[in-house]
Amino acid sequence: MCGIVGFVGDRAATPILLDGLKQLEYRGYDSSGLVAVDDSGLSLFREVGMVDALVDSVPETLEQTCGIAHTRWATHGGVTQSNAHPHLDEAGRIAVVHNGIIDNVAVLRQRLEDEGVVFKSETDSEVLPHLIRKCYTGDAMAAVREALTHVRGTYGVAVVFADHPSLMIAARRGSPLVIGLGDGESFIASDPQALVKYTRRVVFLEDGEIASVTPETVSTHKIDGEESSLRVEELDADYGAEEKGDFPNFMLKEIHEQPEAITRCMRGRVLEIEGTAKLSGLELTARDMARLRSINLIGCGTSFHASLLGAMAIEGVARVPAMAQIASEYRNRNPVIDPEGLFFAISQSGETFDTLEAVREIQIKGGRVLGVVNSVGSSIARTCGAGVYVHSGPEIAVASTKAFTSQVTALYIFTLMLGRTRTLSPVAGREMAADLLAVPSIVEGYLAKPGPIRKAVSLLKDARYALFLGRGVSWPVAMEGALKLKELAYIPCEAYPAGEMKHGPIAMLESGTPVVVIMPKDSVREKTLSAVQEVKARGAKVIMIHTAGDSEAISLADVAIAVPECGGLVSPLITVLPLQLIAYQTALALGREIDRPRNLAKSVTVE
Ligand code: F1P
């Protein structure tokens, strides 16, 4: 979602800003812009579409050594040049880039219009430069700070003033910002990815903080006044080193990284001999776990699907009542928080606004919430304070793949650990540990020989509708498969528990409708078979994901894709692989953008 980059130093700012925007492209956006600053004024450039359009429009000769830049993902107002950021005050001396949403925009805009301000865009963000101008009497920091006291909603903002051409002001509430400390130069970014090429010494702004950033100095304050201490951190040496290597795009690379990612997630955590697991980041004692009364797992999109699988495992194996919750719904329904319960916030990016707000709501009500997060140091990880890092490594493609399998793995590890404090016997614990430890090589084996994916693509690519069916643990897998196909190939599709098909979606089936059935050999396979018969009776085409050697499944399938045998609980980590590949190959066949599908964002930082 929207990205921010800022630079101040003693070399030309625009190449650094443009490069930073390119690094943030993976997050999703629809327009971009920048301003370069010196005391004669601001040079503004904005373009709709890819950052390359902006690169083409910015002259290479610009010498200004300070500037801010933005990739916009439209919320208020369409995708137009005038809605792209930065936005300026009327005198053209103050520029602002903004991530987030201003809730009281209507009141602020009306007030400013009544005072004679003429707006040039339809965005909520444009109120900021005008408000700052009203508060400005020569002190840039004081003006931004005062303006922000009038704003309700969320923001990560970077502001520059033509009067102060070696200064950037950054402030954060609900939308992440990081400041990079270079040698005689400083950076601002909404994601460390944009600045890691230049420096690894960073300061993550906390919510409610404002920073004054010059080439040599950074100071942070609370927006409401007092000075706050500067916490300089060092990013990992391999942070931001992602390259596509021999792969044509990040998605395929990330699909193939799954064996390694799952291995990393389990390293030192699954104890095969003892038949248990350890997750010290959770800071839970065996006594804490034995007393847990309920568990809620909260996430969005793919992370919600991982939450569903986590909840099934926790309840089924560890025998603790567990529920998966969609984060955006959860916090709005004034949930009752069980003080004897435990909450997990599941998020790849650790920045998903709805999930972060759910965390805060749970904390306000006295609940204990732990993160299951990929992005180290992200807002959800920091807000939770404790949790599990899934360690899948940076995920660049918007459609999540390796983060999903790592999230599920982490939740299974937790299940094993929790189960052993309850009814799970040492023998059953050892079996589960062995099943988990076997996963990476099974995944590797499948990916080396994925079966007739292209045959499935030929049934799906021109379909007007597709249905995904699964039972038990294969139902969330079906949901994940349908989500991937929607995200990447834009094919209308839905996922249903196989037993629920006859309660509605069966009406959608006609001759040739592709139906993807996830039916590994497990305790509910027989029941899924009857749904397959119903599908076939309507002339629909069955793409069957089945356990290798299941001749009955093969005989019913129009396209049969075999996955290797594995433990029942861990089957989602295998059956999801062909679905990732089907979505990927279908999108390729249709000429879709793979790593940055339309309208989507990697990090959804708005409500
Ligand atoms: C949640 C999510 C992703 C999806 C897309 C949009 O993100 O729905 O699952 O692939 O990128 O956001 P997160 O909370 O897991 O970062």
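As the structure is a prediction and not an experimental result, all values here were calculated from the model. Residue numbers start at 1 and run along the sequence shown. We count ligands from 1, going down the list as the structure has it; atoms in each ligand are counted the same way.
Comparing V372, L600, T352 against atom 7 (O) of ligand 1, the shortest heavy-atom distance belongs to T352.
The side chain to side chain contact (heavy atoms under 4.5 Å, CB included) test with I543 singles out one residue from I582, V517, V457, V515, and that residue is I582. Partner of Q407 under the side-chain hydrogen bond (donor to acceptor under 3.5 Å, both in side chains) criterion, chosen from S303, S307, S347: S303. Residue K402 is tested with E254, E395, E260, E257 for a salt bridge (charged side-chain N to carboxylate O under 4.0 Å, His left out); the sole match is E257.
Between V398 and ligand 1, at least one pair of N/O atoms sits closer than 3.5 Å. Of the N or O atoms in T355, none lie within a sub-3.5 Å distance of an N or O in ligand 1. Every N/O-N/O distance between Q407 and ligand 1 stays at or above 3.5 Å. Residue K484 places no N or O, backbone or side chain, under 3.5 Å from any N or O of ligand 1.
Contact annotation for E351 and ligand 1: no heavy atom of the residue comes within less than 4.0 Å of the ligand.
Shown in contact with S400 at under 4.0 Å from a heavy atom are these atoms of ligand 1, numbered in order with element: 10 (O). Annotation for ligand 1: atoms under 4.0 Å from non-hydrogen atoms of T302 are 9 (O). The S303 neighbourhood of ligand 1 comprises atoms 9 (O), 13 (P), 15 (O), with distances under 4.0 Å to a heavy atom of that residue. For ligand 1 and Q348, the ligand atoms under 4.0 Å from any heavy atom of the residue are 13 (P), 14 (O), 15 (O), 16 (O). Counting the atoms of ligand 1 from 1 in the order shown, those under 4.0 Å from a heavy atom of E487 are 4 (C), 10 (O).
The pair D52-K22 counts as a salt bridge, with a side-chain nitrogen and a carboxylate oxygen less than 4.0 angstrom apart. Between K484 and E480 there is a salt bridge, with a side-chain nitrogen of the basic residue lying less than 4.0 Å from a carboxylate oxygen of the acidic one.
Side-chain rings of Y198 and F187 approach one another, their centers coming within less than 6.0 Å.
Protein heavy atom at the shortest distance from atom 5 (C) of ligand 1 is A601 O, 3.7 Å. Atom 2 (C) of ligand 1 has as its closest protein heavy atom C300 O, 4.0 Å. The single protein non-hydrogen atom nearest to atom 12 (O) of ligand 1 is V604 CG2, 3.8 Å, given as residue, atom name and distance.
To the nearest 0.5 angstrom, F344 atom CZ is 15.0 Å from T355 atom OG1.
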Q) Please walk me through it: do K365 and E361 pass salt bridge (Lys or Arg N to Asp or Glu O under 4.0 Å)? A) CA-CA 6 Å; K365 291 182 163 149; E361 181 63 19; 2.8 Å; yes
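In this structure, R464 places its CZ atom where only 12 or fewer heavy-atom neighbours from other residues, nucleotides or ligands lie under 6.0 Å away.
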